[in-house]
Amino acid sequence: MRIGGMRRPALVATAAVALAALYGCTVQAPGQDGRHRSPVHIDIPGSRTPSAHRSTAPPSGGGAGGSAPSTSPPAASTAPVLWSRGDSGRDVRELQARLRQVDWLFDGPTGTYDDLTEKAVSGFQGKRGLPRTGRTDTVTWQRLRAMTHEPGRWELYLMGGQPAGAPDPRCLTGRVLCIDKTSRTLRWMVDGRTLSTMAVRFGAQYTPTREGVFQVYWKSRHHVSTLYHSPMPYAMFFSGGQAVHYSYDFAARGYAGGSHGCVNVRDEAAVSRLFAEVRVGDKVVVYW
């Protein structure tokens, strides 16, 4: 039977071409059994399933760098530990002084690896991608040293604790407040024997503490300066208005400040005991 002068196969072929143009098509190869299939296979959108070999995983990398930043924590450190909580000594004091230089520690140095030092080390480590152990290992120490300078003597002993120097010969007889400006220490000595030692601070550039040999001429437990209106507890006067006394400022700021000529003590318990033992008339020696 003819339709409009066209044979049925021709009509079917024409329809197939139209559908292929609309949806897309592929040429079918013979099946595995050798039998021929329809020469045209039409794909209708949405009817195909993903190929078995097509990956559904998200693309690797990200951003302009081509790799996504890692959010995994740093691997545990295997570097040898130099110092940790509970340690003490000059090396710990240097560690604390260097941590102060990079603003990770604000107290001390004390020479004792305490909780504040542990927190400071942990913070420094975390900021630089190191394992946050709070212990100072060789890697942490090398990184800190590279960022800081060698601490000077008074960076190491900013808040006191420095060893006393040898006493002046004038301190070796009688009852003496032996005050060494070089080591910034006060020794309380009786007949050449040191009973106590404490860190002290002296007058600033324009109000220096006088040197020489003096005597305690007055003691005032709750004294307030009539000139500067500042408290001077446990004051032991030895030269005009200059006295040995406890200083709140020295206790708070260490050697970052200075006095108006007095000899400041930052250890209140120590100066309280000293005040109880010293008598009016006891000798005071101030020297370099």
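Phe214 and Phe237 are not part of a single hydrophobic cluster, where members link through side-chain heavy atoms under 4.5 Å apart. If you chain together hydrophobic residues whose side chains sit under 4.5 Å apart, Val265 and Phe202 fall into the same group. By the criterion of side-chain heavy atoms lying less than 4.5 angstrom apart, applied directly or through intervening Ile, Leu, Val, Met, Phe, Trp or Tyr residues, Val213 is not grouped with Val284; the two fall into different hydrophobic clusters. If you chain together hydrophobic residues whose side chains sit under 4.5 Å apart, Leu105 and Met147 fall into the same group.
Atom CZ of Arg143 is separated from atom CZ of Phe124 by 6.5 Å, given to the nearest 0.5 angstrom. Rounded to the nearest 0.5 Å, atoms CG (Leu82) and CH2 (Trp141) are 8.0 Å apart. A distance of 13.5 Å separates CH2 in Trp104 from CG in Leu116, rounded to the nearest 0.5 Å. Rounding to the nearest 0.5 Å gives a distance of 13.0 Å between CE of Met159 and CH2 of Trp154. Atoms OG1 and CG, from Thr78 and Asp137 in turn, are 8.5 Å apart once rounded to the nearest 0.5 Å.
Of the charged side-chain nitrogens involved, at least one lies within less than 4.0 Å of a carboxylate oxygen, so that Asp249 and Arg201 count as a salt-bridged pair. Salt-bridge formation is not detected for the pair Glu155/Arg100: no Lys NZ or Arg NE/NH1/NH2 atom is positioned less than 4.0 Å from an Asp or Glu carboxylate oxygen. Under 4.0 Å is where a charged nitrogen must lie from a carboxylate oxygen, and between Arg273 and Glu277 no such pair does. Salt bridge annotation for Arg170-Asp168: present, with a cationic side-chain nitrogen under 4.0 angstrom from a carboxylate oxygen.
Aromatic rings from Tyr248 and Phe250 are positioned such that their centres are separated by 6.0 Å or more. Ring pair Tyr234/His223: centre-to-centre distance not below 6.0 Å.
Residue Arg153 qualifies as enclosed at atom CZ: its count of foreign heavy atoms under 6.0 Å is above 12. Counting non-hydrogen atoms of other residues, nucleotides and ligands closer than 6.0 Å to CZ of Arg221 gives a total above 12. Atom CZ of Phe106 is surrounded by more than 12 heavy atoms from other residues, nucleotides or ligands within 6.0 Å.
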Leu274/Leu186 under side chain to side chain contact (heavy atoms under 4.5 Å, CB included): CA gap, chis, key distance, verdict: CA-CA 11 Å; Leu274 181 65; Leu186 180 155; 4.0 Å; yes
Full working for side chain to side chain contact (heavy atoms under 4.5 Å, CB included) between Thr112 and Val92: CA-CA 6 Å; Thr112 299; Val92 173; 5.7 Å; no
Candidate pair Leu172 and Met189, rule side chain to side chain contact (heavy atoms under 4.5 Å, CB included), full reasoning: CA-CA 8 Å; Leu172 299 180; Met189 303 183 68; 4.1 Å; yes
Derivation and outcome, side chain to side chain contact (heavy atoms under 4.5 Å, CB included), residues Asp267 and Val271: CA-CA 6 Å; Asp267 186 336; Val271 75; over 6 Å; no
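Here the rule is side-chain contact (heavy atoms from CB on, under 4.5 Å) with Val244, and of Val216, Val200, Ile179 only Ile179 fits it.
Side-chain contact between Lys283 and Arg175 is absent, with no heavy atoms from C-beta onward closer than 4.5 Å. Side-chain contact between Tyr246 and Met232 is absent, with no heavy-atom pair separated by less than 4.5 Å. With contacts defined as side-chain heavy-atom distances shorter than 4.5 Å, the pair Trp188/Asp282 qualifies. Looking only at side-chain heavy atoms (C-beta outward), Ser196 and Arg187 stay at 4.5 Å or farther from each other. Counting heavy atoms from C-beta outward, Gln101 and His149 have side chains that approach closer than 4.5 Å. At a threshold of 4.5 Å between non-hydrogen side-chain atoms, the residues Ser239 and Tyr217 do not count as touching. Residues Val102 and Leu144 have side chains in contact (heavy-atom distance under 4.5 Å, counting atoms from C-beta outward). Considering only heavy atoms from C-beta on, Phe238 stays 4.5 Å or farther from Leu177 through its side chain.
The two residues Ala243 and Ala235 make their nearest non-hydrogen contact at CB-CB, 4.4 Å.
A donor-acceptor pair under 3.5 Å links the side-chain atoms of Gln125 to the main chain of Thr133, judged by distance alone. With hydrogens and angles ignored, the 3.5 Å screen pairs no side-chain donor or acceptor of Glu118 with any backbone N or O of Tyr113. Proximity of a side-chain donor or acceptor of Tyr157 to a complementary backbone N or O of Thr110 within less than 3.5 Å is not detected. In this structure, Thr207 contributes its side chain and Ser259 its backbone to a donor-acceptor pair below 3.5 Å. For Gln242 (side chain) and Arg210 (main-chain N/O), a donor-acceptor pair under 3.5 Å exists by modelled atom type.
Between the side chains of Thr148 and Arg98, at least one donor-acceptor pair of N or O atoms lies under 3.5 Å.
The side-chain tip of Lys219 points at the ring of Phe275 from less than 6.0 angstrom away and within 45° of straight on. For Arg184 and Tyr255, the positive end sits near the middle of the six-membered ring, less than 6.0 Å away and at most 45° from its axis.
Applying the side-chain hydrogen bond (donor to acceptor under 3.5 Å, both in side chains) rule to Asp114 yields the partners Thr117; only residues at least two apart in sequence or on another chain are considered.
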